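Working notes, structure below.
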Amino acid sequence: MQEQNGVKNITKVNERGNLGFHKELKQGVEANHKIHINHLNPHYKLDLNVKARVKITPLGGLGEIGGNMMVIETMHQAIIIDVGMSFPSEDMYGVDILIPDFSYLHSIKDKIVGVLITHAHEDHIGAVPYLFKELQFPLYGTPLSLGMIGNKFDEHGLKKFKSFFKIVQKRQPIQIGEFVVEWIHITHSIIDASALAIQTKVGTIIHTGDFKIDHTPVDNIPTDLYRLAHYGEQGVMLLLSDSTNSYKSGITPSENSVGPVFENLFKNAKGRVIMSTFSSNIHRVYQAIQHALNHNRKVAVIGRSMEKNLDIARELGYIHLPSKTFIEAHEVEKHPDHEVFIVTTGSQGETMSALYRMATDEHRHISIKPSDLIIISAKAIPGNEASVSSILNLLMKKDAQVVHHAFDVHVSGHAAQEEQKLMLRLIKPKFFLPVHGEYNHVARHKETAISCGIPEKNIYLMEDGDQVEVNPNFMRKTKSIKSGKSYVDNTNNTSIEEKIVQERQEIASAGLLSAVLFISKEGQDLMPSSKLTSLGIVNMQEERAFLKELHGSLSLHIKALRQDILGNHKYLDENVRNFLRKALFKHTKKYPAIVSHVFVS
């Protein structure tokens, strides 16, 4: 290669013969190969002499779908990424949401310099009010995220803590304690979602948040691939990336792909159109409303969260809809059915949602009609399949036409394999931690990463509570800390103790035995006033004989008790409960819940 005026010129072919020519060709191949390797693996730019390390601790979002929360920690300071909620399983009776266990945060509270929000989905912000009831830190996010969290703070009586809110601008790195953080625009199923570039003394960490790579989003603001590539060229120590759709091949369709389906549905609808989707999916709602307006329909927004989120998006200028577009729920009946579009909550079959109440004729203003076209524009969140099936059954029993995700009225907000590969190739991390998903999701994402050239030894599959230390020279798990879930009753925003949930599960699975026992200390007799009552243990026809037999066995057991047990109320109560537990298991092969009250006289 020759260089003139700073410009590299192609070397002329050696005229001395083919031998020299082939030698120069080989040298060209070697030079280009070196360039390729340096481009693909810019890890030589990392400081391998640094002795510090960064600790990564997921408190939610791994081994599960939802509840996302992660701590990134240096020796002296820490940041939290997202504070999300998740949904309970069907056997968690009376529990509406699950939130992460904040115990570890209490142990490092003096190190925490901020909470960073990637986007405003419930599985990333739903637990923020519960955290702030215990601990308060500066809260960083984009305007929509902070606006939605602000609404939650109003509901929870936390208005005074809005002073902790810090509005960020994308592509503008800011100093947060020891960390320099930049919010990078990405596309997802909610407006204003972000990836995070976190610069530390150890190296750069990229956290994608939830993402897909949509080249034709509704707002025409695609994923900022340029900025992601910028950090990839500089050398990224660690990538944490969304694994939710790691089994899905190809690419996730654009949010815009739903538009033509909506157009066709509105065009052919003869009566009211009712759509239910996630209240945070503003662009989905916006598209549907635009098609409704094209067909001269008025729009009724029903459901508190849907109303508030749409109001915020309009107030902040993310979407533009004139006020005359909307009517109130009580005005729906004043308009012909073919001029009405209802947007509502309840796509997950929640029993308190507006759609559920419409389907069961419990809504004050709206009941489902056979002429209604109902669009369920969402997929069931894992664990909600039964409740979604239930709402579909209720709607169909009303003879309404129901269209759901099988009819292309929903697209995912998460990256499929080809988008995950693009993210891996853009970032080119030395180390990789797949996040967001059950273990099988992150394991599949690991395979994709290996196919993109990341060595298997540089990938670790985390679970909630794992602590992983990262340095430019190594990544290793050091220990596990206490993690788990707290249970919340959403009707009054109060926590439910784990013991109560367990007791409810015992009652539901095996029934309940109530034992009110009066024991004569002198004769060690079970007195006639004692009473055993069962609920859900045996059939009604068997109950009398069952309780009589249990009463007789208990009388003999008490007769044989030692005096020291009979004289200690705590030991006596425990002894009686253990006896009843064993006797019940012998008869039913289950462990019913036992409520006992023992009195000795």
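All of these numbers come straight from a predicted model, not from anything done at the bench.
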Given 3.5 Å as the limit, does a donor-acceptor pair link the side chain of [X] with the main chain of [Y], or not?
X: Asn268; Y: Asn264; result: yes
X: Lys109; Y: Leu135; result: no
X: Ser305; Y: Ser279; result: no
X: Gln417; Y: Ser246; result: yes
X: Thr208; Y: Asp242; result: yes
X: Gln172; Y: Gln169; result: no
X: Asn256; Y: Thr216; result: yes
X: Asn393; Y: Ser389; result: yes
X: Glu419; Y: Ile213; result: yes
X: Arg425; Y: Cys452; result: yes

Hey, are the side chains of [X] and [Y] touching, using non-hydrogen atoms and a 4.5 Å cut-off?
X: Met69; Y: Leu105; result: yes
X: Val115; Y: Pro138; result: no
X: Asp210; Y: Thr118; result: no
X: Ile167; Y: Tyr140; result: no

State which residues pass salt bridge (charged side-chain N to carboxylate O under 4.0 Å, His left out) with Glu463; sequence neighbours excluded, sorted by chain then number.
none

Provide the full list of salt bridge (charged side-chain N to carboxylate O under 4.0 Å, His left out) pairs with a residue in residues 188-200, sequence neighbours left out, each pair given once.
Lys170-Asp192

What residue pairs, at least two apart or across chains, pass salt bridge (charged side-chain N to carboxylate O under 4.0 Å, His left out) with a residue in residues 245-261?
Glu255-Arg284

Calculate, to the nearest 0.5 Å, the distance between atoms [atom1] and [atom2] belonging to [X] and [Y] respectively.
X: Leu394; Y: Ile368; atom1: CG; atom2: CD1; value: 10.0 Å
X: Leu422; Y: Ile251; atom1: CG; atom2: CD1; value: 10.5 Å
X: Leu59; Y: Asp82; atom1: CG; atom2: CG; value: 12.0 Å
X: Asn68; Y: Ser86; atom1: CG; atom2: OG; value: 9.0 Å
X: Leu240; Y: Leu62; atom1: CG; atom2: CG; value: 9.0 Å
X: Lys270; Y: Asp372; atom1: NZ; atom2: CG; value: 15.0 Å

Pick out which of [options] makes a side-chain contact (heavy atoms from CB on, under 4.5 Å) with [X].
X: Ile149; options: Leu144, Leu158, Leu139; result: Leu139
X: Met358; options: His363, Lys398, Lys369; result: His363
X: Tyr231; options: Leu239, Ile206, Leu426; result: Ile206

One thing to verify: whether [Y] and [X] come together as a salt bridge, which I'm taking to mean a side-chain N less than 4.0 angstrom from a carboxylate O.
X: Glu233; Y: Lys428; result: yes
X: Glu447; Y: Arg444; result: yes
X: Arg272; Y: Glu339; result: no

Using the test ring pair (Phe, Tyr, Trp, His ring centres under 6.0 Å), find all partners of [X] that sit at least two apart in sequence or belong to another chain.
X: Phe432; answer: His445
X: His188; answer: His119, His121, His414
X: Phe153; answer: Phe132, Phe165
X: His156; answer: Tyr130

Could you please spell out the steps behind the side-chain hydrogen bond (donor to acceptor under 3.5 Å, both in side chains) verdict for Asn281 and Ser189?
CA-CA 6 Å; Asn281 198 340; Ser189 52; 4.9 Å; no

Only counting residues at least two apart or in another chain, list the ones meeting side chain to side chain donor-acceptor pair (under 3.5 Å) with [X].
X: Glu328; answer: none
X: Arg171; answer: Asp224
X: Gln348; answer: Asn384

With sequence neighbours left out, which residue pairs that include part of residues 329-362 fulfil the ring-ring contact (aromatic ring centres under 6.0 Å, His included) condition?
Phe266-Phe341

Please collect all ring-ring contact (aromatic ring centres under 6.0 Å, His included) contacts where either partner lies in residues 276-317, sequence neighbours excluded, each pair once.
none

Positive for side-chain hydrogen bond (donor to acceptor under 3.5 Å, both in side chains) with Thr187, one of Asp219, Thr252, Thr223
Thr223

Derivation and outcome, side-chain hydrogen bond (donor to acceptor under 3.5 Å, both in side chains), residues Tyr104 and Glu73
CA-CA 12 Å; Tyr104 182 67; Glu73 188 178 351; 2.7 Å; yes

Mind running salt bridge (Lys or Arg N to Asp or Glu O under 4.0 Å) on Lys298 and Glu331 for me, showing each step along the way?
CA-CA 10 Å; Lys298 291 291 185 181; Glu331 297 177 293; over 6 Å; no

Would Asp101 and Ser483 satisfy side-chain hydrogen bond (donor to acceptor under 3.5 Å, both in side chains), going step by step from the backbone distance to the final call?
CA-CA 6 Å; Asp101 186 327; Ser483 64; over 6 Å; no

Do Ser412 and Asn245 have side-chain atoms, one donor and one acceptor, less than 3.5 Å apart?
yes

Looking at every non-hydrogen atom in both residues, tell me the closest pair between Pro100 and Gly84 and how far apart they are.
CD-O, 3.1 Å

Run the side-chain hydrogen bond (donor to acceptor under 3.5 Å, both in side chains) check on Ser280 and Asn309 step by step: do they pass?
CA-CA 6 Å; Ser280 58; Asn309 290 348; 5.5 Å; no

Are more than 12 heavy atoms, taken from residues, nucleotides or ligands other than Met396, located less than 6.0 Å from that residue's CE atom?
yes

Does the salt bridge (Lys or Arg N to Asp or Glu O under 4.0 Å) test come out yes or no for Lys421 and Glu418, once each step is laid out?
CA-CA 5 Å; Lys421 290 175 185 177; Glu418 294 306 312; 3.0 Å; yes

